[in-house]
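Only one structure is covered here, and it is reproduced in the block below.
Since the structure is predicted, the reported quantities are computational estimates derived from the model, not experimental observations. Here is the naming used below: chain letters follow the sequence lines, and residue numbers restart at 1 for every chain.
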Amino acid sequence: MNIEDSKLSVWLRESRATPALPSRFQENVWRRIESTAAAPEKSGNWLDALAALILRPRLAFAGVALLLLTGTLLGAQSGVQTARHAAQMRYVAAVAHEFTDRQ
Amino acid sequence: MKRSLLILLAALALGAALFAGAYFAAHRASELCCARPADDLNWLQLEFHLSNAELARIRELHEGYLPQCAERCARIAEKKRELDALLGSGTNATGVPVKQAEIAALRAECQSNMLAHFVAVSQAMPPAQGDRYLAEMKKFTLGAHEKIEQSMSGDCVHEHSH
């Protein structure tokens with residue numbers, strides 16, 4: 001590079017207009033970068049985690065077993081109560097059918 | 001996110017279906033299994049924890065009472081038919097109160113025999129169970145009439161307030 005070229009470079013650099021940056025420009029840029037990175041994680045986070053948890057085979061089998069067991073126990077208990085009530089009504093109807101509450 | 005939501009909804013639906021299926025199957029099975037007692041007194045023995053000797057004594061009372069009860073019920077039914085015939089003909093209105101009084105007298109006789117039977121059965125049980133038995137029978141027999149009377153008197157108050 002000769003002297004003429006370096007002069008030209010200096011001259012060109014000085015002639016280029018550099019706009020002034022707004023105040024706290026750098027801070028604002030970092031804040032936007034951080035909020036963009038955090039946003040998708042916040043909205044889908046717990047749903048994704050729960051879905052992933054449900055899809056784990058061990059937990060899925062445990063859940064199914066628990067539901068079947070609870071349903072069976074509660075259903076059996078309710079069935080026994082219904083049968084007992086029906087038997088009670090049969091006895092009452094046999095000994096007092098003129099005075100029972102026929103609803 | 002949408003996929004996760006779909007997975008959760010599908011899991012919820014599947015869980016609800018599994019629970020409901022197990023519940024209703026078990027309900028039906030135990031209902032069928034327990035709903036075939038040997039006779040009417042099977043419930044009595046289970047409910048009031050009766051020994052075989054106590055049950056035998058109660059069976060004796062029960063079998064002695066049932067034919068009398070059936071005979072009184074037949075008489076009440078006959079009187080009811082007669083009352084219906086009188087009400088249907090519309091000519092002999094004076095006979096209606098007489099027939100109603102006859103039915104009421106038969107019902108009173110039936111009721112006092114029924115209460116005597118309940119007392120006799122309760123005495124054949126251990127005291128605590130006997131008291132519970134009497135309370136239960138009162139609830140299902142006299143209690144039903146009390147409910148009707150209370151609702152009727154409530155209606156009357158309602159009617160008169162207008």
Item to check | Engaged part of Ala11(B) at the chain A interface, taking heavy atoms whose separation is under 4.5 Å | outcome: side chain

Checklist entry - Would you say the side chain of Met89(A) lies within less than 4.5 Å of the side chain of Trp43(B), judging by non-hydrogen atoms? => result no

Checklist entry - To the nearest 0.5 Å, what is the distance between OG (Ser30(B)) and CD (Gln81(A))? => result 10.0 Å

Next on the checklist: Would you compute the distance between atom CG of Leu74(A) and atom NE2 of His27(B) and round it to the nearest 0.5 angstrom?
Outcome noted: 12.0 Å

Checklist entry - Ala26(B) and Ala76(A): which non-hydrogen atoms are nearest, and at how many Å? => result CB-N, 3.6 Å

Item to check | Val119(B)-Leu66(B) co-clustered via ILVMFWY side chain contacts under 4.5 Å | outcome: yes

Item to check | Leu73(A)-Leu67(A) co-clustered via ILVMFWY side chain contacts under 4.5 Å | outcome: no

Checklist entry - Nearest 0.5 Å, what's the CG-CG distance between Asp48(A) and Leu8(B)? => result 9.0 Å

Next on the checklist: With a 4.5 angstrom heavy-atom cut-off, is it the side chain or the backbone of Leu55(A) that approaches chain B, or both, or neither?
Outcome noted: side chain

Next on the checklist: Hydrophobic clusters here meaning ILVMFWY residues chained together by side-chain heavy-atom distances under 4.5 Å, can you tell me if Leu87(B) and Ile103(B) are in one?
Outcome noted: yes

Checklist entry - Which region of Phe19(B), side chain (C-beta onward) or backbone (N, CA, C, O), has a non-hydrogen atom less than 4.5 Å from a non-hydrogen atom of chain A, or is it both or neither? => result both

Checklist outcome for this item: Between Tyr91(A) and Leu41(B), the two heavy atoms sitting closest are CE1-CD2, 3.7 Å

Item to check | Joint cluster assignment, Leu14(B) & Leu9(B), ILVMFWY side-chain distance < 4.5 Å | outcome: no

Checklist entry - Measuring heavy-atom distances to chain A, does Leu44(B) have an atom under 4.5 Å in its side chain, in its backbone, in both, or in neither? => result side chain

Item to check | Heavy atoms from other residues, nucleotides or ligands near CZ of Arg132(B) exceed 12 (cutoff 6.0 Å) | outcome: yes

Item to check | Same apolar cluster (I L V M F W Y, side chains within < 4.5 Å links), Leu134(B)/Ile58(B) | outcome: yes

Item to check | Greatest number of heavy atom pairs closer than 4.5 Å to chain A - which of Tyr133(B), Phe24(B), Phe118(B) | outcome: Tyr133(B)

Item to check | Contact class of Leu18(B) relative to chain A, heavy atoms under 4.5 angstrom | outcome: both

Item to check | Residue Ile54(A) versus chain B: region with a heavy atom under 4.5 Å | outcome: side chain

Checklist entry - Yes or no on side chain to side chain contact (heavy atoms under 4.5 Å, CB included) for Val95(A) and Met114(B), after CA distance, side-chain angles and deciding distance? => result CA-CA 7 Å; Val95(A) 293; Met114(B) 179 187 75; 5.8 Å; no

Item to check | Glu63(B) atom CD: more than 12 heavy-atom contacts under 6.0 Å | outcome: yes

